[in-house]
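For reference, the structure discussed in these notes is given below.
Residue numbering restarts at 1 for every chain, and letters A, B, ... go by the order of the sequence lines.
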Amino acid sequence: MRCLIETVRRGQIPEARDLDTDCLSLGRGADQDIRVQSRLAGLNHAVIEQEKNGDLRIRAIAPNHILFNGRKLSEAVLTPGDEFSISSVSLTVMEAPETYDLRLEIKEQTGRQNKELEDALWASINADSERSIFSMRRTAWTLSLAILLLFLLMPLAGFVYKPLGIWLRTLPVVSDLSWNSGTISAAHSFFAADCNRCHEQAFVPVRNSVCTDCHKDTPHHVAEEFRESIATLESNRCSSCHKEHNGSHSPALIRHDESLCTSCHKNIKSIAPDSKLADVSDFGDGHPEFQATIATFADDKSQPVRIPLEQKDRLQERTNIEFSHAAHLNKQGVKNADSVNVQLECADCHQPEPGGKYMAKLDFESQCHGCHKLNFDADDPKLELPHGDDRRIQTFLDGYYADRAMKDDYRLLATPPVDRERHRPGEALPPLEHLERKEWVSKYVHNVDSEVMRFRVCGKCHTVSLNQEGNEESSQESNQETSLESSQGDDTQQFWKVEPLAFSAHKFPKADFNHDRHKTQECTDCHDAEKSEHSEDVLLKGIASCRECHTGAAGAENKVASTCIDCHGFHISQNLTMDGKKIKVPPKAGTISGIESPPAGNNVSPRSAVP
Amino acid sequence: MYGSILSYGQYRYLKQAAALVLIALLLYLSSSPGEAPNGGTWQGYTLGGISAALILFLLWFGIRKRQYHCTETTLFRWVSAHVYLGISLPVVVTLHCGFQFGWNVHTLAYGLMVFVVLSGFYGLYAYLVYPEALTANRCGISRREMITTIARLDDTCLALAENLGAEAHHKVLREVVETRLGGTLWQQIIMGASLPVLPLFQWKFAGNFVASEQAGLNVKDQSAEYFLRRYLQESQNKVEIQRVVELLKVLNERQFMVSRVQRDIRYHAFMKCWLLLHVPISCALLAAVMVHVISVFFYW
């Protein structure tokens, strides 16, 4: 292998050497064909050999190899134009003259040897860190743009072009579902994946019409009588109270907290100056005594009046029944119809209705008849008067005594007894005798009717009054001594009438009391029945007895924390729906009767009052 | 000096951050018991506004620290405020969200915020610990001086090795050329670190003895020191022994200096590495907060 080596040194005349060798050695050693004057060069740094096919191959021996065309290599094939360097000495492969196999041009750097070593050390500090794939700037931009693209631009595109939005929602992350700030309530979860069902317009709060589209039949949240006084409530947005995205069963959707009510009712006059309601701040220490709705004697008519339980003197209910709880609950027992002594308990008469919330209405047949028989004639002790319709009693007695008159019993019963006349079978009574029997029946029935109505059967429990047909005024037996004789003489149609029961079925129509939830308590914990001797007594102990177990929202030791909504409903309209239509069958509230159904309306439970 | 990051102005920013947290707590506790506390109440909006302002303030530090001409307030003061207000941020944000988390962009922003703050905690630790270690390691000389010393020792080593034959020169040259002081951040951290459990791992990353490892040899047996010690045992030539002893001495001195530079670089890396995450994730956090705010009001 014939080589032409040209050495170029700065400020010196280039020199050329001619070498003919099989293996051209390059290095720092004195024995090398080409001496490389660099500290970082090995004694025998590299060799160049000619391969069989004529290629010239350079092979590095030293550990720092050679920098061949800018790349660190341990060996390479040399072609004209290649450049390689050993430390600071650079060599260029030139086009070899015809008779040469290789022509190398060597350029030696001059300068401090230490500088070369120092540079290499600096390079080892900086080289890789500059090539580092991790760039703070690039990472920051990449992450930020990715977030903006995935979580903002794509959901926005989906909002603008709905089909895209619907498709995006089937993918993870990139749809507006990633904006969902919290779990939708269970009630609305069936359309939770359709954001635009509620969020119709960009940057516009959810409109009430979105809610009322579905909740159009929900009773209006503002009762008609309050619409003027609490106009602010009506102008509110639904979502200002009913907060979504707070969990599947979040209390924020249907608020139960005290502030829902006390924000206005703490100082109700500031909202509604004409309100007759007392201020309420907390059940524990800021609630007025309960007011019971009872039937009273006011204006000589039975009518419902709300009376605070603390006004004991006014707390008399006109029930039109004579009943003593104390007598019935006598510890010694009471005699039943068979004169057997029985010990009665509350539950013998008062049973809960299905569901257990209210007590079932009392029924004569089930609760009273076992002891209170309606027999009226000693000759016929098994025969009883019909119950429930006082007009039927006279008819019943007419029929019964007419029958007895026909059986000639009237002669025995009449005073003085009438001699019996005999008649042939099938023969009509003589007119005089017919009249006599008729008169006897009329008189006898009148006596018995008066007796059973006033004293013996009906009058024993019921308030009975004398009623004149066509005359609206009735005189009450209990108030005046209407003698039988006074009504006997004239011919006007007078009859004894049982006054209808007139106690309020629900004393607290504005509250939502549930007997079933209080069944762990004794009846007498709330109802002072054992001491009540008159049916006029209102057997409610008042707020103090409730506070023995319940307290306000803040809670207390061994007490149930109770908020307003635990007992009261929101003032839902009885007549209007959300979309302003009339409710077809308005529920009755606070009715006076012993047989009315429980009042709804103001008593609507918070659970049923929600939209 | 670094301790005063925390105690600046008689803990002025600690007090301010504590006051901020207290205000946030009072706001949170004032929320109506009927409403689940969340970002949508007036307290939530207020806390959200405070959080956003805090984030912008904390991010502004990145700009302020690059404003070298600005002399209105010292950077030191800024760092102190950055640290304390940064610590208060997760509290305010958690109260803002009312502990409501989910798989959404809002919690993404929250998670990024937590990550940035945690990395900031590491940064605070690094800034409190490593400057002192750095000073102790340098012993009053600069890195440049240390490198110049290594280069001088390299020159001496190679000059001494030349006289001990090609193999000795080869070993020493390899020691010299394969010495890596820096490299990628990971290499900067791992290099020269005393990790007794992972010596091979360490050497590998230090870039040493890769070839011999490939040959399946014990890496230590291939070192210049090992070779020279063996050379010492076998050699009878007094002059040669003297040269080898001299060379070993220089190599040892050189290795000591290399370790010091590597430690210097490692401490710098420890102080720098957290920023590689802290800064980009802060920017990502800004983007996520933007999306959070826009999305909340977009679907109001």
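- Of the atoms belonging to Val206(A), heavy atoms from both backbone and side chain fall under 4.5 Å from chain B.
- For the pair Leu160(B) and Leu158(B), the minimum side-chain heavy-atom distance is 4.5 Å or more.
- Contact annotation for Val105(B): both backbone and side-chain heavy atoms come within less than 4.5 Å of a heavy atom of chain A.
- Proximity to chain B is absent for every atom of Glu200(A), based on heavy atoms less than 4.5 angstrom apart.
- Contact annotation for Asn64(A): both backbone and side-chain heavy atoms come within less than 4.5 Å of a heavy atom of chain B.
- Shortest non-hydrogen contact noted between Val93(B) and Tyr110(B) is CG1-CD1, 3.5 Å.
- In this structure, the portions of Ala159(B) lying under 4.5 Å from any heavy atom of chain A include both its backbone and its side chain.
- Heavy atoms of Leu108(B) lying under 4.5 Å from chain A belong exclusively to its side chain.
- Looking at Leu285(B), neither its backbone nor its side chain comes within 4.5 Å of chain A, counting heavy atoms on both sides.
- Using a 4.0 Å cut-off between charged nitrogen and carboxylate oxygen, Arg39(A) and Asp154(B) do not count as a salt-bridge pair.
- In this structure, no portion of Leu145(A) lies under 4.5 Å from any heavy atom of chain B.
- Classification of the Trp179(A)-Phe298(B) ring pair by plane angle, with boundaries at 30° and 60°, yields perpendicular.
- For the options Ile147(A), Leu148(A), Asp176(A), heavy-atom pairs under 4.5 Å to chain B are most numerous at Ile147(A).
- Interface residue Ser250(A): only side-chain heavy atoms are found under 4.5 Å from chain B.
- Gln100(B) touches chain A through its side chain: at least one heavy atom from C-beta onward sits under 4.5 Å away, while N, CA, C and O do not.
- Both the backbone and the side chain of Leu121(A) come within contact range of chain B, judged by heavy atoms closer than 4.5 Å.
- For Trp42(B) and Tyr45(B), the distance between ring centers is not under 6.0 angstrom.
- Of all the listed residues (His292(B), Arg143(B), Met290(B), Glu162(B)), the one sharing the greatest number of non-hydrogen pairs under 4.5 Å with chain A is Glu162(B).
- For a residue to count as touching a neighbouring chain, one of its non-hydrogen atoms must lie under 4.5 Å from one of that chain's; by this rule Ala41(A) touches chain B with the backbone only.
- Annotation: cation-pi geometry satisfied between Lys162(A) and Phe159(A) (NZ/CZ under 6.0 angstrom from ring centroid, within 45° of ring axis).
- Only the side chain of Ile265(B) comes within less than 4.5 Å of a heavy atom in chain A; its backbone stays farther off.
- The choice from Pro155(A), Ala202(A), Cys198(A), Pro205(A) that makes the most heavy-atom pairs within less than 4.5 Å of chain B is Pro205(A).
- Both the backbone and the side chain of Ala62(A) come within less than 4.5 Å of a heavy atom of chain B.
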